[in-house]
Structures are given as C-alpha cells and as structure tokens.
Amino acid sequence: MMRRKLVAGNWKMHGLKAALPEVAAIARAAAANPGVDVALCVPATLIASAAGVAGGMPVGGQDCHAAEQGAHTGCISAAMLAEAGAALTIVGHSERRADQGETDADVKGKAEAAHRHGLRAILCVGEMLDQRDAGQAEAVVTAQLAGSLPEGAAAEWLAIAYEPVWAIGTGRTPTAADVAAMHGAIRAKLGELLGAEAAAAMRVLYGGSVNGANAAALLGCADVDGALVGGASLTAEKFGPIVEAAAGL
Ligand code: 13P
C-alpha cells in the first residue's frame, strides 16, 4: 500500500494577520513539492484569510465541537470551520485533552462532526512520560485510539497523529525504533478495529519536535506517513525543509 506523505503544520495559538505572508510562503513550498500533501492548521480567526492566500494548500482548524450548534460559549462548530474555508481540522490534540479535559468520547464526537461537514480530520493520540517510563505507552495509545476512533473512519478523510506528550515542544524525540514500534502498534490496532485493508490505507503521522534536521529520519521510519509539526511550522524557512525531507523519501 503506497501512502502519500502528509506534512501538516499546527500553529496552535500563534498567528495574527501579519503572519499571512508566511502562510503564502509555506504554500509556495508546498506547491514546489507536489509529491507530498501539505496542510496548515491555523487559529480559527485566521482560517478565512489564510485560505485566501494559500492557493491549493488546504488550511485547517485545530479543534471543533461535536455538536452542530448550541450554548457552548467560545467553541467552534465543524460547520463554522468549513464555512470559513477550512478543509480539515485537528481533533484530540494532547494540549486540548490536558487543558480542556477532552475525553476519548469527546474526541470521537468531534471527528464525526468534522466528517459530517466534509472536513478531513487528524486525530491525535500520545502517551505521557510517566506512562512511557512505566512501560504502558503502547497500551495507553492503542486504548486512546480505540476510544476516539470515529464511526466510519476511513483513510479518505481521517489520519492518525502519534504525538508523545513528552516530545511536544521539548526538543526530545523518541528513538527511531520506538517510533516504528508505536506506529506498528497503531496500525495493528487499526487493523483490529477497521480491517486490514482500511488500516493499510490510513496515514499515521508522527508529531513532537520534528524539525528540518530530524524529519528524514523520523519520517523514514516504518509505518510513518508524515508529520504533524508545531513550532517548526510557523515559518516557511523552518517548515520548508520538513516538506522537502518528506518529498525525498
Ligand atoms: P512541536 O513540533 O512544537 O513539538 O509540536 C508538536 C505538536 O504538538 C503538533 O501538533
């Protein structure tokens, strides 16, 4: 099964309109590497204007509510993201699981809402350091996956991102062997849940301190189909080399 690499940026709570030239520069880097899928997930306030300068590069949100609408102050629905020009959204990022107390069931509902509105979704899973140290990483991550996988999950609209919490923003990354082992465990679990064919088609991204220097090694691991990039996605200067590394694999 040939899976196209996907390199997605997650701008988190970074980005005012002054950053739009950077979005355009990242879109040019994406266009220069047509063998790789590139997407950029920006703050909701920036989606419409980013989509306006992104050319063919998909722009996404970073979260959506599971409900269609309602009394949920400060939240954003999948329909709102789509109307603003988003083509995808991240769901279940560990920062939201930790800061907003999102459960696996919440994340499942969010992914299903995204799909109802024609958005693709990147569903994040990942263990904490104490869980890895206790030898529980694979059990934790596969349980998260089982609990948060949406109904109708299919490679056409869903990708999984494995982001070990202790590797996010820290400059630390797992060894290539640990990445390959976890991605293999995720794909095996997908096989149990969705069947072998669907599991073989689904992209499983790695996220956590990916940069231009380590991207080729991380993305070259078995069962790694791309990257979800935080800090190094904020500028074309840093993000471009990651896209190029993916293109070279
Ligand atoms: P960093 O690339 O900054 O470690 O962030 C990873 C991440 O959380 C992407 O969603």
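Given the structure is predicted, the values throughout are model-derived calculations rather than measurements. We use all heavy atoms of the structure for the numbers below, so side chains are in, but hydrogens, waters and symmetry mates are not. Both ligands and their constituent atoms are indexed starting at 1 by order of listing. Numbers here are sequence positions counted from 1.
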Review point. Looking at atom 5 (O) of ligand 1, what's its closest protein heavy atom, distance included?
Key: Lys12 NZ, 3.3 Å
Review point. Looking at atom 2 (O) of ligand 1, what's its closest protein heavy atom, distance included?
Key: Gly230 N, 2.8 Å
Exercise for review: Apply side chain to side chain contact (heavy atoms under 4.5 Å, CB included) to Ile168 and Ser209, showing your working.
Suggested key: CA-CA 6 Å; Ile168 294 176; Ser209 295; over 6 Å; no
Backbone or side chain, does any N or O of [X] fall under 3.5 Å from an N or O of ligand 1?
X      : value
Leu228 : no
Gly169 : yes
Glu163 : yes
Gly208 : no

**Study point:** Plane angle bin for His183 and Tyr162 - parallel if under 30°, tilted between 30 and 60°, otherwise perpendicular
**Key:** perpendicular
Exercise for review: Determine whether the side chains of Trp166 and Glu127 contain a donor N or O and an acceptor N or O closer than 3.5 Å.
Suggested key: yes
Check your understanding: Does the side chain of His93 come under 3.5 Å of the side chain of Glu102 through a donor N or O and an acceptor N or O?
Key -> no
Practice item. Heavy-atom contacts with Ser209 under 4.0 Å: which atoms of ligand 1 show up? List them by number with element. Key: 1 (P), 2 (O), 4 (O)
Point to revise | Contacting atoms of ligand 1, where contact means under 4.0 angstrom from a heavy atom of Gly231 | key: 1 (P), 2 (O), 3 (O)
Review point. Between Lys110 and Asp63, is there a salt bridge with N-O shorter than 4.0 Å?
Key: yes
Practice item. Please say which of Asp37, Asp225, Asp223 ends up in a salt bridge (charged side-chain N to carboxylate O under 4.0 Å, His left out) with Arg203. Key: Asp37
Exercise for review: Please check if atom CD in Glu83 has more than 12 non-hydrogen atoms from other residues, nucleotides or ligands closer than 6.0 Å.
Suggested key: no
**Study point:** Under-4.0 Å heavy-atom contact with ligand 1, by part of Asn10 that carries it
**Key:** side chain
